[in-house]
Amino acid sequence: MTTPGIPLARPATEEEARAVQDELRDRVVLDEPGPPPGSGRVTGVDVAYDDERDLVAAAAVVLDAATLEVVAEATAVGPVSFPYVPGLLAFREIPTVLAALDALPCPPGLVVCDGYGLAHPRRFGLASHLGVLTGLPTIGVAKNPFTFTYEDPAAARGSSAPLLAGAEEVGRALRTRDRVKPVFVSVGHRVTLDNAVAHTLALTPAYRLPETTRRADALCRRALREATAAPAAQQTVTRQAPTS
DNA sequence: GCGACAG
DNA sequence: ATCTTGTCGC
């Protein structure tokens with residue numbers, strides 16, 4: 001259901017991984033507005049790790065953008081294919097995330113990643129990478145500012161401030177709840193920054209983090225527990241919400 | 001050279 | 001990310 005137009009690279013070293021990023025970076029599309037917030041479907045993706053057992057579980061949860069109800073979900077489990085290196089997070093998460101997206105019974109629509117897109121040392125974070133590989137519109141919503149700087153946005157939900165790499169705006173610090181630490185939104189692929197911010201606000205009616213990542217986070221943790229408990233169980237699981 | 005550093 | 005109970009507050 002999510003056909004990659006570009007083969008998945010599996011670099012063995014950090015140097016190779018950086019080269020892959022430098023090569024794919026040009027394919028990012030930044031001049032499309034992206035789907036309008038509040039309509040269609042929005043999918044959250046996230047992963048959970050068990051480095052001891054060499055396991056990574058990914059989840060993709062599709063929500064109706066208007067109601068935020070779960071439409072479908074899928075998970076995938078695989079081996080940890082890359083260590084955590086700041087700036088190379090995508091190589092650790094993408095293989096299993098792609099498997100989960102492929103297991104979905106319907107198109108994902110906009111994909112919301114737990115991390116960065118443009119806000120990245122080489123301007124090619126997880127959300128950008130996933131977008132280029134799948135061709136889907138993507139955005140990144142991170143919980144921390146990484147190495148970037150920002151001035152604290154006003155206290156009211158909806159306030160924002162530029163997320164800066166020097167003088168370059170690579171994203172936005174967005175307050176999704178009154179007086180609560182902001183989230184850090186950046187563009188992935190085929191979506192505008194203003195639109196990414198609007199989507200993030202539409203996805204946070206009750207909590208600091210988008211409903212998409214909350215749902216995906218809970219699901220991948222469950223998938224990891226179940227994979228740990230049932231060694232020879234199936235490698236992917238798909239569920240379609242009942243039509244009503 | 002040292003420290004910081006999305007998840 | 002992950003290790004982890006209770007607890008303060010709305």
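All values reported here derive from a predicted model rather than from experimental measurement. Lettering follows sequence order; numbering is per chain, from 1.
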Ion pair A:R215/A:D46, N-O distance below 4.0 Å: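 A salt bridge is absent here (no side-chain N lies under 4.0 Å from a carboxylate O).
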Cation-aromatic face contact A:R92/A:Y49, 6.0 Å, 45 degrees: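 Yes, A:R92 and A:Y49 form such a contact.
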Are A:R214 and A:Y207 in a cation-pi setup, meaning NZ or CZ lies under 6.0 angstrom from the ring centre and within 45 degrees of the ring axis?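 Flagged: A:R214 positioned over aromatic ring of A:Y207.
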Side chain of A:A48 - closest among C:dT2, B:dG7, B:dC5: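 Among C:dT2, B:dG7, B:dC5, the one nearest the side chain of A:A48 is C:dT2.
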A:F146 has a side chain; which of C:dT2, B:dG7, B:dA6 sits nearest to it?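 For the A:F146 side chain, the nearest candidate turns out to be B:dA6.
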What contact category does [X] fall into here, base, sugar-phosphate, or nothing, at under 4.0 angstrom with non-hydrogen atoms?
X	answer
A:D46	sugar-phosphate
A:L163	nothing
A:Y49	sugar-phosphate
A:G87	base

[X] [atom1] to [N] [atom2]: how many Å, rounded?
X	N	atom1	atom2	value
A:E93	C:dT2	CD	P	10 Å
A:F148	B:dA6	CZ	C1'	9 Å
A:E52	C:dC3	CD	P	10 Å
A:R221	B:dG7	CZ	P	12 Å
A:L224	B:dG7	CG	P	18 Å
A:R177	C:dC10	CZ	P	16 Å
A:R92	C:dT2	CZ	C1'	11 Å
A:D178	C:dC10	CG	C1'	14 Å

Give a yes or no on whether the ring-centroid distance for A:F91 and A:H129 is below 6.0 angstrom.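 Centroid separation for A:F91 and A:H129: below 6.0 Å.
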Please check the phosphate of B:dC5 (OP1 and OP2 only) for any side-chain N or O of A:N144 closer than 4.0 Å.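 The answer is no; no side-chain N or O of A:N144 sits under 4.0 Å from OP1 or OP2.
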Are OP1 or OP2 of B:dG7 and a side-chain N or O of A:K143 less than 4.0 angstrom apart?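 The answer is yes; a side-chain N or O of A:K143 sits under 4.0 Å from OP1 or OP2.
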Within the supplied structure, the quantity of interest is the number of heavy atoms (other residues, nucleotides, ligands) at a distance under 6.0 Å from A:R177 CZ; does it exceed 12?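 Yes - once you tally the heavy atoms of other residues, nucleotides and ligands closer than 6.0 Å, there are more than 12.
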Under 5.5 Å centre to centre and under 30° between planes: does that hold for A:F184 and the six-membered base ring of B:dA6?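 One would not call A:F184 stacked on the B:dA6 base.
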